[in-house]
Colleague: 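Here it is: the structure, laid out below.
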Number of protein chains: 2
Amino acid sequence: MPRARPELPTLKKVAAAAGVSASTVSRVYSHPQLLRPETVTRVRAVADELGYVPHHPARALKTGRIGAIAVVVPDIANPFFPPVIRAAEDRAHDRDIYTLLADTDEMTEKEVTLLVQLQRRTDGVVLVSSRLSTEAIRNRSTLHPLVLVNRDVEGVSRVLVDTAAGMREAVDHLADLAHRHVVYLAGPSSSWSDGQRRAAVLDRAQRRGVRVTVLGPHRPEHDEGMRAAAAVLETGATAVIAFDDVLAQGVLAGCAAAGVRIPQEMSLIGCDDILAVRTAPPLTTVRGPSRQAGALAVDFLLRLIDGVREETVERLPAPLVVRETTGPAPA
Amino acid sequence: MPRARPELPTLKKVAAAAGVSASTVSRVYSHPQLLRPETVTRVRAVADELGYVPHHPARALKTGRIGAIAVVVPDIANPFFPPVIRAAEDRAHDRDIYTLLADTDEMTEKEVTLLVQLQRRTDGVVLVSSRLSTEAIRNRSTLHPLVLVNRDVEGVSRVLVDTAAGMREAVDHLADLAHRHVVYLAGPSSSWSDGQRRAAVLDRAQRRGVRVTVLGPHRPEHDEGMRAAAAVLETGATAVIAFDDVLAQGVLAGCAAAGVRIPQEMSLIGCDDILAVRTAPPLTTVRGPSRQAGALAVDFLLRLIDGVREETVERLPAPLVVRETTGPAPA
DNA sequence: TTGAAAGCGCTACCAC
DNA sequence: GTGGTAGCGCTTTCAA
């Protein structure tokens, strides 16, 4: 049975115990360079002895800075996000900023409520793959520092992983392998990335004389991909480009279940190159620098928080990585 | 270029605009039942009009409650954790409590620093799969409300996923299939779960007259499993029980690369039944109720925070789920 | 049912 | 280099 928890000492108590003023103790933690080094050492020793830990809300109340940012993603269980989150966390932590993680469960209304509450609990928000309307995003960004990842809204700082380029490469790759009919397995319709990818595929396919059948939208989940495999096979296409690796992995499983060999009978391309997705055979996919995206987004956000009122935009290239799920079109 | 951000109104401003006192506005948000309903409505309207959002640090300063908890995991990129985190988040959110997510990167010292800082930023912590010493954990729990997941420390409230039982079933399953030599592919040595699983495997194997070779420790990462496949094949064992699904998936890939068919030539069992891991063939594994574990941990924690000083322990059963990576021992 | 006032723990200004 | 003091935005007695 846990004992009663001892009260944490306040700054005042430390001051009394160390025989200095509250201001001095405060400076030990905030601006130690203003103090004589020996004072710092002495006060620190007393504070540690007493188990003093600065009380964050009080500091936040005074400074107006909360010392925390939020990272908001649609679905933390989707393996695309952890690397972004991790990188953002690390970057923020280096600056002594804490990271609140929130998950909107792919629900638009939850996203709005969340952002409103986050406004008073954080100094700013990194909003990843937002499902909100352009209008709503622009509006939020006037109320609270906001940086987008994978969402392209004019007037709002953003980091975009340019998978469209990779998708064009993907179509070229398939065309070069003599594929003439390709399925694009669409992701969530409110996803900016899906719009980009789909448009890139359609555009390049037309140029290369490749026919495209679009199936979807789909939630980016394994089961959806698996179920979609049947529909894919019905189209008579010889290759699939999936919205992301999760869907692609599902298609792989669905094809395996249907006895369709990959890449001999069907070629398959994913997107994101999620490390955790190690398929057999290894998946041809488009690789985006997701860690870099997370880190950059935090850099942009901290600049915004520091009052730099400028719109920053970064587009990160995402090239095609050819592995073993693509091969020549069956004769 | 973003415009200058308007200052958020304070409670006082709302009070002035609504022609009531600050106390009244405060009560609208904290204890509306003390007010005349029409007052609540009227003040709310004014507040919404002005875009008022309660300032959290100020509230925290006054009440002594921060209204946030933390969930600490070793590695957010490990797919075992997201379901736990999600469930914890949801449960906390239902109670109007925010969730801070922290990641220790599998580093013990980072874990300590983190917990100290979290002490003043949160009302309590759910510590998942901690790598800390028993001593350190017990000590922390006297300083700050703390609930463990998958770590068994007497005196500290905890939720344990009992994969040991599933591991015993796994050994029985293999023994019934005539396997006589099995590899246990160990996880991190500081992991409580690994200790449990390893002991269960060794114990039951001895009873069933099955020889066990322990290989490891391994970080629970795909590449480690893939590399371990070679060592597994060298032992001459006919089956592998891996610490978790991530390692198992790596072994699957490693065996495929080596031309070893599963389950015909080698049987394979994982642990955790991570939804995202959909392998081909589907993995025989031990399924733990990870969502339930996360939710329960939050329940326990909130009770602790509310001052209920009792140690609560819950063991959740994790049974074996037989799929297609296990078969009769090769002749 | 509502208002006035004190104060949570800390920082920052102004003295010294 | 260090101390005194006011006040951040809110909640919560107490009084009306």
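So you know, we letter chains A, B, ... as the sequences are listed, proteins then strands, and number each from 1.
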Colleague: Which pairs, with at least one residue in residues 91-103 of chain A and sequence neighbours excluded, count as a salt bridge (charged side-chain N to carboxylate O under 4.0 Å, His left out)?
Modeller: R91(A)-D299(A), R95(A)-D299(A), D103(A)-R86(B)
Colleague: If the threshold is 4.0 Å, N to carboxylate O, is there a salt bridge linking R291(B) and D90(B)?
Modeller: yes
Colleague: Strictly by side-chain hydrogen bond (donor to acceptor under 3.5 Å, both in side chains), give each pair with a member in residues 24-35 of chain A just once, sequence neighbours left out.
Modeller: S21(A)-T24(A)
Colleague: CG of L35(A) versus P of dT11(C): gap in Å, rounded?
Modeller: 13 Å
Colleague: Using salt bridge (Lys or Arg N to Asp or Glu O under 4.0 Å) as the criterion, list what pairs up with R158(A), not counting sequence neighbours.
Modeller: D152(A), E311(A)
Colleague: Let me check the geometry of the helix from dT1(C)-dA16(D) to dC16(C)-dG1(D). What is the bend angle between the axes at its two ends, five pairs each, to 10°?
Modeller: 30°
Colleague: Where along residues 39-51 of chain B does a heavy atom come under 4.0 Å from DNA chain D, residue by residue in number order?
Modeller: none
Colleague: By side-chain contact (heavy atoms from CB on, under 4.5 Å), which residues pair with S189(A), not counting sequence neighbours?
Modeller: P217(A)
Colleague: Quick one, give me the B/S/- string for nucleotides 7-13 of chain D, reading 5' to 3', where B means a protein heavy atom under 4.0 Å from the base and S means that only happens at the primed atoms, P, OP1 or OP2.
Modeller: BBBBBBB
Colleague: What residues, two or more places apart in sequence or in another chain, satisfy side-chain contact (heavy atoms from CB on, under 4.5 Å) together with V112(B)?
Modeller: L132(B)
Colleague: Can you name the salt bridge (Lys or Arg N to Asp or Glu O under 4.0 Å) partners of E154(B), sequence neighbours left out?
Modeller: none
Colleague: Restricting to salt bridge (Lys or Arg N to Asp or Glu O under 4.0 Å), what partner residues turn up for R65(A), sequence neighbours left out?
Modeller: D306(A)
Colleague: Got a sec, which residues hit salt bridge (Lys or Arg N to Asp or Glu O under 4.0 Å) with R44(B), two or more places apart in sequence or on another chain?
Modeller: none
Colleague: Can you check the L34(A) CG to dC14(C) P distance for me, whole Å?
Modeller: 15 Å
Colleague: Any pair with a residue in residues 118-139 of chain A that passes salt bridge (charged side-chain N to carboxylate O under 4.0 Å, His left out), sequence neighbours left out, goes on the list, sorted by first then second residue, please.
Modeller: E106(A)-R131(A)
Colleague: Nearest whole angstrom, please: distance from the P of dT11(C) to the CD1 of I66(A).
Modeller: 15 Å
